[in-house]
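Have a look at the structure below, then the notes.
These numbers were taken from a predicted model, which means no experiment stands behind them.
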Amino acid sequence: MLARALLPLALVWSLHASAQEGNARAEAIAQASPNAKAALAFIESQIAQLRDPTLRAAVKAMVSNPAPTFMARWPDAAARAKAHAALVKEGLLDPAHTAPDALFPPLADPSKAPQSFLAAPGGGTGGHHSYPGGLAEHTAFNLQSALDLEANYRKRYGITDLDHDLVIAAPILHDLMKAWCLQWKADGTELEQATIANTASHHIFILAEALHRGLSAELVVAVAAAHDPPHLAEEKVAGFLRAAAILAGVDPQQRRLTAHGASIEAEINHLADHDFVISEPIERVVLETLGEIAGPPGMPAAERRWRALEAQSRVSSLAIYAALRARGAPAVRELLRPKP
C-alpha cells in the first residue's frame, strides 16, 4: 500500500492509458455476456418500479452513466490535495497509505464514467465477481435478496410501512462506483482502491455522489449500511457519512445524516449485501481451474487471464464452482463449451 501512495505522476498517467485499453476490452466481453445483460435488465426493471419520480430518474441516470459528478468539486491536483487533507484532518484517511494523487481513480471527465455499469467488475482482482459483468450480476443478486428480505419482514413480522423505494434503490446504488474505482488494466487486472473511513473507497464515493445529487438522507444512510449494520456499528457508519459529506461539500447535520436509529430498510440492505460470503472464497479455486483450461501452454499470462474473465462473464464463477464441486474439471469444460 505504501508503494501505491508514492506513485509518481508518470505512472498515474500510465495507469490511465492502461485502464482505457482494459476498459474497452471488458466492454466487448460484457456486451457478449447473456448473464450480464440479463442481470442489467432485471435491475432496470426494478428501477422502473420506483414510485418517487425524482429518485427513479436519478437511479436510472446513475446506472446508465455511473459517473462521479461530485468530482466537479475537485477538478485538479490542488483541489484534490485539499480533499485529501480534509479527510486526514478528520481521521478518515491514513496519509501513510494513500497520497493525494492516489486518493481518486483516473477520471478524464466527471460527467462521463470511464466504463459502463455493464462492463464493470463486482470486486477487485481475484475477488468476488471480478470479471466483466460482475457488477451487474452481483447487484442483481443483492437486489433480489433485498426484495426477498422485505417480503419476509412484511409477512413474518407484519410490518406494513417499509419504504419499497429504499429497498430497491439502496442495493442498486451501493456498488455503482466500482465502475470508476475498479477500472480494467490492459493485462486484465484492475486498479486498486484507496481506503477511506476504514472501508473501500467505492463505498464512500457513492455516498458522496448521492449527497451531491440531493438524494434523501434516508436513502444515503440505507446505502451506507451495506458494509456495516448501523445498529451494531453506529460509529463506523457515522464515519462513512462524515467522509462522504466532506467530499460532497455538505453539512451532515443540515442534511440530517445520522446512523443513530437507522431504518429497517437500511438493515435489509446490509443483510442483502452478503453474496460475497461464498463468491469471494471460491474465486481462487475457480481461477486456478480456468487457468489450467483457458489456453495452451506458453500463452502469455495476460491473454490467459482475459480468456478466464470471458468464461466467468459468460457462465459466472458460481456456476463454474458448482460444476467443479459436483463433477470435477470435465464438467467445467463442458459448461464452457460454446453452445451451437
Side-chain angles (χ1 to χ4, degrees), residues 18 21-43 115-145 148 171 175 178-179 182-192 272-340:
S18 180
E21 180 181 344
N23 292 342
R25 185 161 185 178
E27 184 72 39
I29 289 174
Q31 288 291 344
S33 168
N35 282 356
K37 291 192 288 187
L40 181 58
F42 170 66
I43 293 165
Q115 66 176 323
S116 71
F117 185 95
L118 182 69
T125 304
H128 72 87
H129 299 87
S130 54
Y131 45 86
L135 175 59
E137 204 169 72
H138 177 56
T139 300
F141 188 95
N142 288 352
L143 174 56
Q144 185 63 65
S145 295
D148 293 343
D175 280 333
K178 287 179 178 177
L182 300 180
Q183 297 179 55
W184 296 98
K185 292 194 278 188
D187 66 355
T189 61
E190 305 163 29
L191 300 183
E192 295 181 21
D273 187 36
H274 279 71
D275 187 17
F276 74 91
V277 171
I278 183 170
S279 54
E280 182 83 24
I282 62 104
E283 191 68 12
R284 179 184 59 81
V285 178
V286 169
L287 288 175
E288 287 177 357
T289 301
L290 291 177
E292 295 171 359
I293 65 178
M299 174 178 285
E303 185 60 30
R304 186 179 295 274
R305 185 178 295 114
W306 278 112
R307 289 196 182 192
L309 292 170
E310 186 278 332
Q312 291 172 288
S313 181
R314 180 162 47 87
V315 179
S316 90
S317 286
L318 264 296
I320 292 170
Y321 178 73
L324 180 66
R325 187 174 183 277
R327 300 182 300 281
V332 175
R333 292 179 183 275
E334 180 60 31
L335 183 66
L336 297 178
R337 194 186 310 280
K339 302 299 186 287

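- Taking 4.5 Å as the limit, some side-chain heavy atom of P132 sits within range of a side-chain heavy atom of W184.
- For the salt bridge (Lys or Arg N to Asp or Glu O under 4.0 Å) condition, the pairs that include at least one residue of residues 276-287, sequence neighbours left out, are R284-E288.
- Looking only at distances, a side-chain donor or acceptor of W306 sits under 3.5 Å from a matching main-chain atom of A186.
- Summarising the geometry of A136 relative to A39, their closest heavy-atom pair is O-CB, 3.5 Å, with the distance given to 0.1 Å.
- Between N35 and S316 the shortest side-chain heavy-atom distance falls below 4.5 Å.
- Remark: F276 pairs with H274 by the ring-ring contact (aromatic ring centres under 6.0 Å, His included) rule, at least two apart or across chains.
- Proximity of L324 to I282: side-chain heavy atoms (C-beta onward) are nowhere separated by under 4.5 Å.
- Contact record, A120 with A179: CB-CA, 3.7 Å, taken as the closest heavy-atom pair.
- Separation of atoms CG (L287) and OG (S317) is listed at 6.5 Å; rounding is to 0.5 Å.
- Remark: the S130 side chain and the E190 side chain contain no N/O donor-acceptor pair separated by less than 3.5 Å.
- Defined by atom type and a distance below 3.5 Å, a donor-acceptor pair is present between the side-chain atoms of D175 and H138.
- For the atom pair CZ of R304 and CD1 of I293, the computed distance is 10.5 Å after rounding to the nearest 0.5 Å.
- Taking every heavy atom of both residues into account, A331 and R327 meet most closely at CB-CB, 3.5 Å.
- Here the side chain of R305 pairs a donor or acceptor atom with the backbone of D187 at under 3.5 angstrom.
- A pairwise comparison of heavy atoms in G133 and A30 identifies N-CB, 4.2 Å as the closest pair.
- Put simply, the side chain of L135 does not reach to within 4.5 Å of the side chain of P121, judged on heavy atoms.
- Listed by first and then second residue, the salt bridge (Lys or Arg N to Asp or Glu O under 4.0 Å) pairs that reach into residues 313-325 are E310-R314, sequence neighbours excluded.
- Expressed to the nearest 0.5 Å, how far OG of S279 lies from OH of Y321 amounts to 12.0 Å.
- Side chains of K37 and L40 form no contact here, defined as non-hydrogen atoms less than 4.5 Å apart.
- With rounding to the nearest 0.5 Å, the separation of OG1 in T139 from CG in D273 is 9.0 Å.
- For Q144 and D148, the side-chain atoms include at least one donor-acceptor pair closer than 3.5 Å.
- H128 contributes atom NE2, which lies 12.0 Å from atom CD of E137 (distance to the nearest 0.5 angstrom).
- Between the CG atom of D275 and the CG atom of N142 there is a distance of 5.5 Å, given to the nearest 0.5 Å.
- The two residues A119 and E27 come nearest to each other via the heavy atoms CB-OE1, 3.3 Å.
- Remark: the backbone N or O of V285 is paired with a side-chain donor or acceptor of T289 at under 3.5 angstrom.
- Contact between A323 and L335 at its shortest, heavy atoms only, is CB-CD2, 4.1 Å.
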- Could you go step by step and tell me if E303 and R25 meet the salt bridge (charged side-chain N to carboxylate O under 4.0 Å, His left out) rule? CA-CA 11 Å; E303 185 60 30; R25 185 161 185 178; 3.1 Å; yes
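- In this structure the side chain of F141 never reaches within 4.5 angstrom of the side chain of L318, judged on heavy atoms.
- Within the 3.5 Å criterion, the main-chain N or O of L191 finds no donor-acceptor partner in the side chain of K185.
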